[in-house]
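Encoded as structure tokens, the structure appears first; notes follow it.
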Amino acid sequence: IILLSVIGFIFALSITAPLKRITKVVRKIADLDLAQYKKYAYLAKKGDETGEIGRAVEKMRVSFQSMMTELSEISGSISKDADRLNEIANVVTDHVDNNFATTEQLSAGMEETSASTDVISTDVAKIESYTSEINARATDGVRLSEEIMKRTVEMKENTLIASESTRQMYEAVRKET
């Protein structure tokens, strides 16, 4: 009976120990600690259910890591676009200031109508050019924002699916033990 108890204990330990290690990895992933831990790599190499769970958890970790990297890149891109929009706004402000000065010159120098008309025409062309540029950049910004939102929704859905799948596997393994 003692020998059977010892054998039973060892058998139970061989099942629960890997599950406890996998649980530690899942908790680390839940805390967004997405580093690869070599001391747990052997779990994915096992040929049993714990190996299958280990491989699924590793795949989830890699997916999360990829999503985090992509989110970081997208965030950087948005930041750069915001900086560009700020630069455009500064240019527009400068042009508004220039237009104000031009208007003062026009009111003060009505005798030089011909020369003033040329200045106004040039400034209007610049404003149209800048307006077209702002419009094009704003359109690109909207398109980029829509793409980002679409990717974000897709990543969220994929994360939820992976998380639910992992939870179901965990529950299934837990029920079996």
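Everything numeric here is computed off the predicted structure, so don't read it as measured data. Residues take their numbers from the sequence shown, with the count starting at 1.
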The criterion is side-chain contact (heavy atoms from CB on, under 4.5 Å); which residues satisfy it with Thr69, sequence neighbours excluded?
Glu73
One pair to check against side chain to side chain contact (heavy atoms under 4.5 Å, CB included): Met155 and Ile74. What are the steps and the verdict?
CA-CA 13 Å; Met155 283 190 265; Ile74 290 170; 4.3 Å; yes
Separation between OG1 (Thr23) and CD1 (Ile53), nearest 0.5 Å, reads 8.5 Å
Quick check: is Val57 connected to Val62 through a chain of hydrophobic side chains (ILVMFWY, heavy atoms under 4.5 Å apart)?
no
Apply side chain to side chain contact (heavy atoms under 4.5 Å, CB included) to Tyr170 and Leu19, showing your working.
CA-CA 9 Å; Tyr170 176 78; Leu19 289 176; over 6 Å; no
Results of side-chain contact (heavy atoms from CB on, under 4.5 Å) for Ile134 - residues two or more places apart only:
Ile88, Val92
Between Thr122 and Asp118 (side chain of the first, backbone of the second, donor and acceptor by atom type, cut-off under 3.5 Å), is there such a pair?
yes
Arg143 versus Asp140: any side-chain heavy-atom pair under 4.5 Å?
yes
So do the side chains of Asp123 and Asn98 get within less than 4.5 Å of each other, counting heavy atoms only?
no
Glu49: which residues meet the salt bridge (charged side-chain N to carboxylate O under 4.0 Å, His left out) condition with it, sequence neighbours left out?
none
ring-ring contact (aromatic ring centres under 6.0 Å, His included): pairs with one or both residues in residues 17-36, sequence neighbours excluded:
none
Glu146: which residues meet the side chain to side chain donor-acceptor pair (under 3.5 Å) condition with it, sequence neighbours left out?
none
Looking at Ser75, is its backbone amide N or carbonyl O close enough to the side chain of Ser79 to form a donor-acceptor pair, meaning the two atoms are under 3.5 Å apart?
no
Compare every heavy atom of Thr50 with every heavy atom of Ile22, then report the nearest pair and how far apart it is.
CD1-O, 3.3 Å
Any pair counted as ring-ring contact (aromatic ring centres under 6.0 Å, His included), so long as it reaches residues 67-97, sequence neighbours left out:
His95-Tyr130
Contact list for residues 49-75, test ring-ring contact (aromatic ring centres under 6.0 Å, His included), sequence neighbours left out:
none
Residues at least two apart in sequence or cross-chain that pass salt bridge (charged side-chain N to carboxylate O under 4.0 Å, His left out) with Glu171, listed by chain then number, are Arg174
Those residues at least two apart in sequence (or on a different chain) that pass salt bridge (charged side-chain N to carboxylate O under 4.0 Å, His left out) with Glu157 are none
Pairs where residues 51-64 contributes a residue and the test side-chain hydrogen bond (donor to acceptor under 3.5 Å, both in side chains) is met, not counting sequence neighbours
Glu58-Arg61, Arg61-Gln65
What's the separation between atom CZ in Arg137 and atom CG in Leu144, rounded to the nearest 0.5 Å?
13.5 Å
Separation between CG of Asn158 and CE of Met60, rounded to the nearest 0.5 Å
13.5 Å
Can you give each donor-acceptor pair under 3.5 Å made by side-chain atoms of residues 162-169, sequence neighbours left out, with the distance rounded to 0.1 Å?
unit_1	atom_1	unit_2	atom_2	d
Glu164	OE1	Arg167	NE	3.2
Glu164	OE2	Arg167	NH2	2.5
Glu164	OE2	Gln168	NE2	3.0
Thr166	OG1	Ala162	O	2.9

Following the transitive rule for hydrophobic clusters with a side-chain heavy-atom cut-off under 4.5 Å over Ile, Leu, Val, Met, Phe, Trp and Tyr, establish whether Leu71 and Ile29 coincide in one cluster.
yes
In short, salt bridge (Lys or Arg N to Asp or Glu O under 4.0 Å) pairs touching residues 8-28 with sequence neighbours left out are none
Tell me whether Thr139 contacts the main-chain N or O of Asn135 through its side chain, where contact means a donor paired with an acceptor under 3.5 Å.
yes
